[in-house]
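Structure first, commentary second.
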Amino acid sequence: MQISLQRAITDDIDAYLAIEKSVGTGHAKTYSGITSEQEARDEIEKSIVYLVKKDDLVVGSIQYKLEGKDRAHITGLVVDPRFQEQGIGREALARILDELKDTKRIDLVTHPYSTPAIILYLSSGFIIESWKDNYFGDGEPRIFLSRIK
């Protein structure tokens with residue numbers, strides 16, 4: 001898979017928001033994405049955000065926050081629906097996991113009905129730790145997954 005990860009800066013807010021909003025339609029119940037310019041700015045400033053590119057076209061994003069020297073939290077992985085089922089999400093996640101290879105614990109949350117995401121995370125070494133109702137305050141549950149070395 002030929003993708004590249006480009007570290008996002010505040011000049012990339014429009015591209016980042018476009019990717020986030022691309023999954024909002026039809027996936028609003030299972031994905032609680034970033035929807036405002038301020039949320040995007042905050043994420044770029046407080047997290048490590050990458051735009052996922054294929055042939056110089058932004059097709060997704062992946063981001064994480066470091067929580068101490070031994071822990072990280074993947075805060076999002078999005079692939080534009082037009083480019084899903086091509087291995088892009090799997091490759092982006094693999095690159096981030098390689099970047100975090102010395103991190104003892106990596107956490108993330110996903111919607112329990114997001115079967116492709118759950119399959120991806122389980123096949124990448126994550127385990128389901130718990131179920132949390134109304135995790136984002138949107139009335140929807142999420143499952144908490146972790147990968148521990």
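Because the structure is a prediction, the values reported are computed rather than measured.
Ile96 CD1 to Leu108 CG: the interatomic distance, rounded to the nearest 0.5 Å, is 12.5 Å. Here the CD atom belonging to Gln63 is positioned 9.5 Å from the CG atom belonging to Leu51, to the nearest 0.5 angstrom. Rounded to the nearest 0.5 angstrom, Glu39 CD and Glu20 CD are separated by 9.0 Å. For the atom pair Arg41 CZ and Ile13 CD1, the distance stands at 3.5 Å (nearest 0.5 Å). Distance OG/Ser124 to CD1/Ile106: 10.0 Å, rounded to 0.5 Å. With rounding to the nearest 0.5 angstrom, the NE2 atom of His73 is 13.5 Å from the OG1 atom of Thr103.
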Given Val109 and Lys132, is the side-chain contact (heavy atoms from CB on, under 4.5 Å) satisfied, shown in steps?
-> CA-CA 9 Å; Val109 296; Lys132 308 223 186 235; over 6 Å; no
Might you work through the side-chain contact (heavy atoms from CB on, under 4.5 Å) test for Gln84 and Val23, ending with a clear yes or no?
-> CA-CA 10 Å; Gln84 291 177 1; Val23 296; 4.1 Å; yes
Side chain to side chain donor-acceptor pair (under 3.5 Å) between Glu43 and Tyr16, intermediate numbers included = CA-CA 10 Å; Glu43 191 73 16; Tyr16 182 42; 4.5 Å; no
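Under the 4.5 Å side-chain criterion, counting only non-hydrogen atoms from C-beta, Arg147 is not in contact with Ile74. Taking 4.5 Å as the limit, some side-chain heavy atom of Pro141 sits within range of a side-chain heavy atom of His111. By the 4.5 Å heavy-atom criterion applied to side chains, Glu140 and Pro112 are not counted as neighbours. Counting heavy atoms from C-beta on, the side chains of Val79 and Val52 never come closer than 4.5 Å. By the 4.5 Å heavy-atom criterion applied to side chains, Leu66 and Leu100 are counted as neighbours. The closest side-chain heavy-atom distance from Leu122 to Ile128 is below 4.5 Å.
No continuous path of hydrophobic side-chain contacts links Ile118 to Ile127 [ILVMFWY only; heavy atoms under 4.5 Å].
Here the closest heavy-atom approach between residue Ile148 and residue Ser146 is recorded as CD1-OG, 3.9 Å. Taking both residues in full, the closest heavy atoms of Ile88 and Lys54 are given as CD1-CD, 4.1 Å, listed atom of the first, atom of the second, then distance. Closest approach of Leu77 to Gly89, counting heavy atoms only: CD2-O, 3.9 Å. For Thr110 against Ser114, the heavy-atom pair with the smallest separation is OG1-CB, 3.9 Å.
Here Arg105 pairs with Glu129 in a salt bridge; the nearest charged N to carboxylate O distance falls below 4.0 Å. Ion pairing of Arg95 with Glu91 is present here, as a side-chain N (NZ or NE/NH1/NH2) and a carboxylate O approach within less than 4.0 Å.
Within a 6.0 Å sphere centred on CD of Glu85, heavy atoms belonging to other residues, nucleotides or ligands number 12 at most. Crowding of Asp56 atom CG: a count of heavy atoms from other residues, nucleotides or ligands under 6.0 Å not exceeding 12.
Judged purely by atom type and a 3.5 angstrom limit, Asp55 has no side-chain atom pairing as donor or acceptor with the backbone of Leu57. Judged purely by atom type and a 3.5 angstrom limit, Ser47 has no side-chain atom pairing as donor or acceptor with the backbone of Ile44.
Using cut-offs of 30° and 60° on the angle between ring planes, the pair Phe126 and Tyr121 is perpendicular.
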